[in-house]
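What's counted below: heavy atoms across the whole structure, side chains too, no hydrogens, waters or symmetry copies. What you see is a predicted model; the values in this text were computed from it and never measured.
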Amino acid sequence: MERIASCLVLVAAIGFAGCGAHDGPALAPVSGKITVDGQPLVGATMEFYPQQVGAPSYGRSNEDGEFTLRYSNGQMGAVPGEHRVNVLGGHVKGKAEKKKNNDPNFQENPDRPRKGKPSRNDIPITIEPNAKEPIEIAL
C-alpha cells in the first residue's frame with residue numbers, strides 16, 4: 001500500500017511539473033508603433049495571426065500609436081515567424097478630437113491627393129525570435 005501511495009505522489013508531481021506558465025510555444029516579446037501617414041494611430045486593435053503553428057496575439061495602440069502584444073493565453077509576446085496582421089478601429093492622433101470638438105479652424109487638406117484607404121487586413125509581418133527593435137506598421 002505504501003508503494004502505491006509513493007507512485008501516486010510521483011505521478012502527481014510529474015503532472016504538476018508540466019502545468020506551469022511555460023506551456024505552449026516559445027514566445028518572442030513584441031512591441032511596436034502604428035502610424036497613418038506618419039501620425040500615430042490611436043486606439044487601434046492589432047490581431048497578429050501566425051502562418052505556422054500557434055494561436056494569435058493581440059495588442060491595442062496607445063496615444064502615441066505604441067503597442068505591446070499578448071498571446072491568446074495572456075502571456076506577453078507572439079509566436080516567432082510570419083504573421084498576417086489585421087488592424088481594427090483607431091483614429092489618427094489629433095484628427096478625431098478636432099472633428100469632435102467642431103474646431104472652426106479644422107479642415108481636411110483639399111490639396112492632398114486622395115488615395116484609396118490603406119489596407120488594414122493581411123499585412124505581412126515577420127516576428128524574429130530575438131528581435132530588439134520595435135515593429136513599425138505604417139498605413
Side-chain angles (χ1 to χ4, degrees):
M1 188 66 153
E2 199 172 300
R3 186 176 183 144
I4 293 173
S6 296
C7 286
L8 288 175
V9 169
L10 180 61
V11 168
I14 291 171
F16 285 123
C19 294
H22 300 291
D23 285 351
L27 301 177
V30 179
S31 63
K33 185 171 185 173
I34 184 165
T35 59
V36 174
D37 295 329
Q39 298 299 313
L41 185 62
V42 179
T45 299
M46 276 81 46
E47 303 172 333
F48 281 64
Y49 293 97
Q51 300 302 291
Q52 60 283 340
V53 176
S57 292
Y58 305 93
R60 186 167 176 87
S61 62
N62 65 16
E63 289 295 316
D64 296 319
E66 300 167 340
F67 61 89
T68 303
L69 294 184
R70 284 190 181 271
Y71 193 61
S72 62
N73 66 4
Q75 289 180 281
M76 300 303 288
V79 175
E82 297 293 321
H83 287 74
R84 292 291 179 184
V85 179
N86 292 336
V87 179
L88 308 168
H91 65 274
V92 175
K93 186 174 183 174
K95 208 171 195 181
E97 290 85 7
K98 288 181 180 179
K99 282 183 180 180
K100 183 173 73 175
N101 296 331
N102 295 321
D103 183 347
N105 297 320
F106 177 79
Q107 61 183 15
E108 293 285 342
N109 184 351
D111 297 328
R112 179 176 172 202
R114 300 313 269 168
K115 57 184 179 181
K117 192 172 189 177
S119 175
R120 292 176 161 232
N121 296 317
D122 292 326
I123 301 166
I125 297 284
T126 300
I127 296 177
E128 301 294 336
N130 299 315
K132 303 282 189 250
E133 298 296 318
I135 291 175
E136 297 285 332
I137 300 175
L139 302 177

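Under a 4.5 Å side-chain heavy-atom criterion applied to ILVMFWY residues, the cluster that includes Val79 comprises Leu27, Tyr71 as well.
A donor-acceptor pair under 3.5 Å is formed between the side chain of Gln51 and the backbone N or O of Tyr49. The backbone N or O of Glu82 lies less than 3.5 Å from no partner atom in the side chain of Thr126, so there is not a single donor-acceptor pair. Between the side chain of Arg70 and the main chain of Met76, no donor-acceptor pair closer than 3.5 Å is present. Between the side chain of Ser31 and the backbone N or O of Phe67, no donor-acceptor pair lies under 3.5 Å.
Surrounding CD of Glu133 are at most 12 heavy atoms belonging to other residues, nucleotides or ligands under 6.0 Å away.
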Next on the checklist: Could you walk me through whether Ile127 and Ile135 satisfy the side-chain contact (heavy atoms from CB on, under 4.5 Å) test, starting with their C-alpha distance in whole Å, then the side-chain angles of each, then the deciding distance to 0.1 Å, before giving a yes or no?
Outcome noted: CA-CA 8 Å; Ile127 296 177; Ile135 291 175; 4.1 Å; yes
Item to check | Test side-chain contact (heavy atoms from CB on, under 4.5 Å) applied to Val92 and Val42, step by step | outcome: CA-CA 6 Å; Val92 175; Val42 179; over 6 Å; no
Next on the checklist: Pair Gln75, Asn73 - check side chain to side chain donor-acceptor pair (under 3.5 Å), show working.
Outcome noted: CA-CA 6 Å; Gln75 289 180 281; Asn73 66 4; 2.8 Å; yes
Item to check | Check against side-chain contact (heavy atoms from CB on, under 4.5 Å), Arg120 and Leu139 | outcome: CA-CA 7 Å; Arg120 292 176 161 232; Leu139 302 177; 4.1 Å; yes
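Residues passing the side chain to side chain contact (heavy atoms under 4.5 Å, CB included) test with Asn62 are Asp64, Glu66, sequence neighbours excluded.
Note that CG of Leu88 is 6.0 Å distant from OG1 of Thr45, once rounded to the nearest 0.5 Å. To the nearest 0.5 Å, the span separating CE on Met46 from OG1 on Thr68 amounts to 9.0 Å. Between the CG atom of Leu69 and the CZ atom of Arg60 there is a distance of 14.0 Å, given to the nearest 0.5 Å.
The shortest non-hydrogen separation linking Ser72 to Ala55 is OG-CB, 3.1 Å. Shown here for Gly65 and Pro40, the closest heavy-atom pair between the two residues is N-CB, 3.7 Å. Across all non-hydrogen atoms, the minimal contact from Pro80 to Ala28 is CG-CB, 4.0 Å.
For the pair Pro50 and His83, the minimum side-chain heavy-atom distance is below 4.5 Å. Side-chain contact between Leu41 and Val87 is present, with at least one heavy-atom pair separated by less than 4.5 Å.
Both Phe48 and Ile123 are assigned to one and the same hydrophobic cluster, defined by single-linkage of ILVMFWY side chains at heavy-atom distances under 4.5 Å.
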